[in-house]
Amino acid sequence: MVLSYKSGEITAKIKGGSRVIVRDVDFDIEEGERLALIGETGAGKTMIAQSIMRLLPENVRQTGGSMVFCGVDLSDLKTVRKILGKEIAYIPQSGADCLNPTRKVKYHLYDSLKRMGLKGDALKAACIDNLVKAGFEDAAAILNLYPFQLSGGMAQRVTIALALCSHAKLIICDEATNGLNYVDKTVFVKRISELFPSAAKLFITHDMQVAGACDRIGVLCSGRLVESGEAAIVSTAPKHPYTQSLLSALAKNGMKQTPVLRKNEGDCPFYPRCEIACEECKGEIPRIEEGGHMRRCAL
Amino acid sequence: MKKYIKNIVVCLVCFLFIILLNFALPRLISGDPVAYLTGMDEGSMSVEQYEFYRNALHIDENAFVQFGYYLKDIFAGRLGYSFRKQASVAELIGTRIGATLQISFAAVVISCALALVWGLTSGSKKGLLDKVSTPVNVLVGTFPTFLIGMILIIVFSFDFKIFPYSGLNSPDAEGGAAYFFDRIYHLILPVVTLIAVMLPSRFLLMRNTVRTAMGERYVLFARQRGLNMHRIRYSYLLKNVAPPFATMVGMSVGASIGGSVIVENLFSINGMGTLLTDAVYALDYPLLQGVLFVSAAIAMVSIVLTDIICIIIDPKARSEGVK
Amino acid sequence: MNKKRLTALIIGCAIIAFFVLMAAFPSIFTHYGAKEMFDSWQSPSAVHMLGTNDMGYDIFTELVYGAGQTLLISVSSGLIAMLLGTVIGMLAAMNNLVGHIFNGIINVFMLLPKLVCLIVVAAFLGRSQIATILLIAAFGWVGTARAVRARTLKIANSVFIENCVIQGYSKLHIAMRHVLPNLYDVLFSRLVSCVSGCVMMESSLSFLGIGDLYNPTWGTMINFAFRRGAFIRRAYNWLLVPAVAISLLVLAFYLIGLAVKKREA
């Protein structure tokens, strides 16, 4: 078990009060397994990723959760700082923004490799090696470029190379396929799987195609986990009304919210927009588990 | 690149403005231009002297011709002649400018370096340091220069008798190393005063720039890769904060010359600043204009230099962003 | 308004109110005349709260009358500088040659070595109060102009200005009726820094002995103290008190600005 995650409650303090962003999202990821977390923009997916890395923004607090990574409790900040970059790697959405604009690509790689304890010639060799693995043909030329000289795709391959620097047991890809076309998206998932075969992989996405290419899928609605199970089942024949409406909406570039049908009442996050909601949905929502598949629905 | 070129052009225009101002002031203000330009009034000169100066200064010719002679003088290095002190302005400034530069440059270098490190550390951490530093700097920023100087003199010169309060050297200092250390000894309080005046605004500028930069994506990503704060500060933030920092240093020189005027007066140091105030009392106009010219020149040169440094260190400016 | 801001506002206003009272009704604070002569170099006592200076004038009385002078010069130059800065700032935001020229003027003035210029031009213009006020204003408008220009550019891009242009309003009308009212928060926060900047400039100038020497401002008082041997005699009452008063004034303006500043959205 690489990561055992229980979110507890993640709350953000905003002007005029606080808002619960994520509640009771629990999942486990095994070695080599690919888990996709899918949900609309604003469902709290990035918050979950940040909470694993203990890098939540200033005004966000996490209470009541527990995160265990390879037997190590992630509640101690010092331990997490030691692990980040070595055993947990992160691939961001937009590579170009995330790279230091005043430093060449090679310095970024050096920084990450130095963290792993490499020096001298071994360092330089590993640098080129990782760039090649990430898909660059002319690695030596890329080394001396500045981030603003890279295209979007190149920048993303640099972030992949940076992730390769570590011996990561957990890879978190945060909406890393935005901006790629359809074919590239599934290719991306495959490439990550090839490059990090034994690592647990968490793919955060709002795209069902990407989610479908993984092993398991967790569906987030307004910060609550409403369905989770095998990717094949969830992406083709989902059992929760929310996931079903996700599928039926044309999920190409981010998804617009389906229209609000009624006022928000009770515990179910999809209640205002669910087409088949009924009276029972206003009360406590049961958690139904059957054979590796979980859903939270009263119907 | 364009941004910096524009800056340099503005600098040159500014300098031109000063030259024009120097030219126009004595001739446009009500009063006799001859009096302004020689520093003596009509009553104290004989008629022949007056006519002589009138001719020599080309007062009767039209403005363009006068300006032509004026420019010629400047390019030849002739900044005018101070009749009160019976010496050429260039000579007078030359003997005194050393002291001013010693104080100003030392203050600029130290205050900017301090502001950089302090601001960088304070802006990138959210701890006690920042909570204390920021209000302290704001408070000290409200103190006028002379207040800080006077307090320092009172505390260190009078009460504790550690540092001297006037002049640049003791009368009995011998040459060589002893003289050098004696000079440093005398320079400490004036320079510290000027640092205390300039540091708060530089610190606040650095701190706010760093604070904003901390919110950028690449800082977050660096932390996500597990890099430690020290590396983030000095390898990542520093390089990104460097251009505004360099610009700040360039602008500081101009401000430090102004501050030096007050400090020199306070500590009775014979520098360009006291030359300026003496000239004001004596209404020695040519000297005044000369000092203005030199001060502006120093300020402009430092701004242009720092802009050139910015062009060198900013990778975007150099390559124009072509893949 | 939360407690911290309220305290800042109250303290700031109290200080300024105190000084304004001093300026407007000096007779409340002191019965002595500003030029009434007593024994010189007295230390602070019950009779002379701050002692007397070398000419025998009561220092506290000088301080009280000096308040009026200081405030008069600083505030008037501050207001003129604000006006100048607003006009130039709005002009510099225009998208044509005029805008470029004024923007250039702003940048040029920003680079000038301010104090030295002030001193030199002051020497030419003489020692009258009006000259000093105009001079300080002539160098103090730069910060305001930059802020006004930045805000005007932002406003100019908003939809309702587009609408005004479509409706065919003249540029002057748009500027006065639509842009200007939206500048008020910028103007108010700049008012504070502008006036305190003018206070600093005025005090530097008068410390150096430039300005009206017969009606001394606080800075002039310090100049006299310094030149007439207060240091040697350790007459800190004469030397330091006006300087602290200047500091308090600047601090008061800063506190008010802090209290009123809109939280960044």
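Within every chain, numbering begins at 1; the chains are lettered A, B, ... in the order of the sequence lines, protein sequences first and strands thereafter.
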- Note on the structure: Counting heavy-atom pairs under 4.5 Å with chain C, the top scorer among B:V13, B:V138, B:I298 is B:V138
- Heavy-atom distance under 4.5 Å to chain C: side chain of B:V9, backbone, both or neither? neither
- Task: Return the minimal non-hydrogen interatomic distance between C:L111 and B:I303, and the atom names on each side.
- Result: CD2-CD1, 3.4 Å
- Query: Hey, are the side chains of C:M200 and B:F143 touching, using non-hydrogen atoms and a 4.5 Å cut-off?
  - Reply: no
- Would you give the length of the straight line joining atom CD of B:E264 to atom CG of C:L208, rounded to the nearest 0.5 angstrom? 10.5 Å
- Message: Can you tell me which of C:L112, C:L248, C:L125 forms the most heavy-atom pairs within a distance under 4.5 Å of chain B?
- Response: C:L112
- Part of C:I210 lying under 4.5 Å from any heavy atom of chain B: side chain
- Query: So what's closer than 4.5 Å to chain C heavy atoms on B:L21: side chain, backbone, both or neither?
  - Reply: side chain
- Item | B:Y281, part contacting chain C, at a heavy-atom distance under 4.5 Å | side chain
- Residues C:A243 and B:F146: closest non-hydrogen pair is CB-CE1, 4.2 Å
- Query: B:M150 versus C:I222: any side-chain heavy-atom pair under 4.5 Å?
  - Reply: yes
- Note on the structure: Answer key: most heavy-atom pairs under 4.5 Å with chain C among B:V291, B:I257, B:L276 is B:L276
- Message: Please classify the contact of C:L249 with chain B as side chain, backbone, both or neither, using a heavy-atom distance under 4.5 Å.
- Response: neither
- Looking at B:L139, B:L292, B:L16, which has the largest count of heavy-atom pairs under 4.5 Å with chain C? B:L292
- Query: Of all heavy-atom pairs between C:V120 and B:L288, which one has the smallest distance, and what is that distance?
  - Reply: CG2-O, 3.7 Å
- Message: Just to verify, which of C:L239, C:L240, C:I246 counts as forming a side chain to side chain contact (heavy atoms under 4.5 Å, CB included) with B:L147?
- Response: C:L240
- Segment of B:I18 engaging chain C (4.5 angstrom heavy-atom cut-off): side chain
- Item | Heavy-atom side-chain contact between B:P144 and C:S247 under 4.5 Å | yes
- Message: side-chain contact (heavy atoms from CB on, under 4.5 Å), that's the test. Do B:T142 and C:F253 meet it? Break it down for me.
- Response: CA-CA 10 Å; B:T142 63; C:F253 278 114; over 6 Å; no
- Message: Please give me the minimum heavy-atom distance between C:P113 and B:A296, naming the atom from each residue.
- Response: CG-CA, 4.0 Å
- Task: Evaluate the side-chain contact (heavy atoms from CB on, under 4.5 Å) criterion for residues B:C11 and C:V108: first the C-alpha distance (whole Å), next the side-chain angles of each, then the deciding distance (0.1 Å), finally the verdict.
- Result: CA-CA 7 Å; B:C11 222; C:V108 164; over 6 Å; no
- Message: Please verify the inter-ring angle class for B:F17 with C:F109; under 30° counts as parallel, over 60° as perpendicular, anything in between as tilted.
- Response: tilted
- Query: If you count heavy-atom pairs under 4.5 Å with chain C, which of B:G258, B:G254, B:C14 comes out on top?
  - Reply: B:C14
- Message: Looking at C:R146, I'd like to know if its CZ atom is crowded, meaning that more than 12 non-hydrogen atoms belonging to other residues, nucleotides or ligands lie closer than 6.0 Å.
- Response: no
- Atom group of B:M251 that falls short of 4.5 Å from chain C, counting heavy atoms: side chain
- Message: Does atom CG (B:L12) have a neighbourhood of more than 12 heavy atoms from anything else shown, all under 6.0 Å?
- Response: yes
- Message: Under a 4.5 Å cutoff for heavy-atom pairs, which residue among B:T277, B:V253, B:I262 has the most contacts with chain C?
- Response: B:I262
- Nearest heavy atoms of B:N265 and C:F226, plus distance in Å: O-CE2, 3.2 Å
- Task: Name the region of C:I105, side chain, backbone, both or neither, that has any atom closer than 4.5 Å to a heavy atom of chain B.
- Result: neither
